[in-house]
Structures are given as C-alpha cells and as structure tokens.
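Please read the structure below before turning to the comments.
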Amino acid sequence: MERKIRAGGAAVTEGPIRLDEVWAFCTARLDDDDAYARAASEGPWRYDPGKHWRRAGSSDYEEGVFAGPPGAQAMCIAGTGQTDDPQSMADAAHIARHDPTRVLAEVAFKRQLLTEHKPELQAAVKDREVTPRVVCRIDGDDCPFTQGLAALYDDHPDYKETWRP
C-alpha cells in the first residue's frame with residue numbers, strides 16, 4: 001500500500017511500506033526493552049503509601065518504590081516526590097507496577113505476536129509479470145499489529161512516520 005505524506009505542504013506519494021523494516025524496528029525495540037528490564041534492580045518492586053524514603057543528608061521524606069526483600073533489607077530504587085502528595089503517590093504506584101518481571105513478560109508476549117506477523121516473501125503477479133514482495137503472513141500488504149507496535153516507539157529516532165497505521 002502506498003502512503004501519502006506531506007512535505008512542505010504538498011502531498012508526496014511514497015512507495016509501499018517495507019514491512020520487513022517495520023518488523024526489524026519492532027524486534028530491535030523489544031530487544032531494548034528486554035535489556036533495560038534485565039539491567040534494572042531485581043523485583044518485585046513495591047510501593048507502600050505507609051513506607052517512605054528519606055533522602056541522604058536531608059530530613060525530607062519522599063514517596064518511594066522499593067525492591068528486594070521486604071523490611072529493613074528493602075532498597076529504595078525511586079523517590080517520586082513529597083510524601084502524601086497525590087502526584088508523587090501516583091508516580092510511585094506506576095513505577096512499581098512496571099517492574100522488570102512484568103516488562104519481561106510483556107516483551108515475551110509481544111515477541112510471540114510479532115513472530116506470528118513475521119513478513120515473508122511472496123510472488124505477486126501483475127500483467128503476467130511476477131514480482132517478489134514482502135507481506136505479513138496474516139494480514140498481507142498492511143499489518144496493523146506490526147505498525148501499531150512500531151507506533152508505540154514513535155519517539156525513537158529510527159521510527160518513520162509513514163509506518164503509522
């Protein structure tokens with residue numbers, strides 16, 4: 001499928017989306033997510049509104065996200081701001097919810113789905129001429145899943161706006 005993009009106010013038709021490029025981009029981003037999760041402090045991560053973290057050299061307490069064994073052995077991995085501040089509390093709960101174990105499970109699931117949508121080479125016949133083309137084995141020329149997954153990483157410098165579903 002050809003895409004129209006705007007360049008300097010004029011519509012420019014660009015060639016078909018290269019699903020193999022989008023798929024490779026998604027694979028690389030999942031590799032990044034996996035590496036960051038494995039490098040992070042081991043979980044489970046926890047947030048307890050009744051437990052606070054004190055910054056070194058300060059008498060100020062902050063909401064905190066903790067990792068490791070409960071109790072005195074727990075390690076604060078993130079301070080999110082003033083104690084009892086609703087935004088600090090929401091930030092701490094969000095960080096704890098996305099601990100490395102959960103991220104690794106999400107990456108594994110996304111990889112499984114991405115593998116099901118892996119592009120493959122097929123022959124296209126047009127005017128009695130056979131032309132090879134790369135298509136999604138499930139969705140054909142376009143792949144809303146692969147393009148949607150890529151769009152989650154649209155802030156990455158390698159993301160191409162023409163991939164947006």
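Every heavy atom of this structure was used, including side-chain atoms; hydrogens, water molecules and symmetry mates were not. In this chain, numbering begins with 1 at the start of the sequence shown.
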Just how far is it from atom [atom1] of [X] to atom [atom2] of [Y], taken to the nearest 0.5 Å?
X	Y	atom1	atom2	answer
Gln147	Lys160	CD	NZ	13.0 Å
Thr80	Tyr47	OG1	OH	6.5 Å
Asp84	Tyr61	CG	OH	13.0 Å
His52	Phe66	NE2	CZ	8.5 Å
Phe145	Cys136	CZ	SG	9.5 Å
Glu106	Arg111	CD	CZ	13.0 Å

**Prompt:** Listed by chain and number, what are the salt bridge (Lys or Arg N to Asp or Glu O under 4.0 Å) partners of Asp154, not counting sequence neighbours?
**Reply:**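 Result, salt bridge (Lys or Arg N to Asp or Glu O under 4.0 Å) vs Asp154: Arg164.
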
**Request:** Start with the C-alpha gap between Ile138 and Cys143, add the side-chain angles, then the distance that decides, and say whether side chain to side chain contact (heavy atoms under 4.5 Å, CB included) holds.
**Result:** CA-CA 8 Å; Ile138 294 175; Cys143 182; over 6 Å; no

**Request:** Kindly give the heavy-atom pair with the smallest separation between Gly140 and Leu19, and that separation in Å.
**Result:**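 Closest approach of Gly140 to Leu19: O-CD1, 3.5 Å.
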
**Asked** Is the Lys NZ or Arg CZ of Arg29 less than 6.0 Å from the centre of Phe25's six-membered ring, within 45° of the axis?
**Response** yes

**Side-chain touch Pro49/Met89, heavy atoms, less than 4.5 angstrom** = yes

**Message:** Applying side chain to side chain contact (heavy atoms under 4.5 Å, CB included) to Asp91 and Glu63, what does each step give before you reach the verdict?
**Reply:** CA-CA 9 Å; Asp91 291 345; Glu63 298 296 332; over 6 Å; no

**Request:** Measure the acute angle between the ring planes of His98 and His94, then classify it against the limits of 30° and 60° as parallel, tilted or perpendicular.
**Result:**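 Tilted.
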
**Asked** Does a salt bridge link Arg38 with Asp33, judged by any charged N lying under 4.0 Å from a carboxylate O?
**Response** no

**Item:** Asp141/Arg133 salt bridge by N-O under 4.0 Å criterion
**Value:**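 Salt bridge present between Arg133 and Asp141.
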
**Prompt:** Can you hop from Leu121 to Val135 via hydrophobic side chains spaced under 4.5 Å?
**Reply:**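 Looking at the clustering, Val135 is in a separate group from Leu121.
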
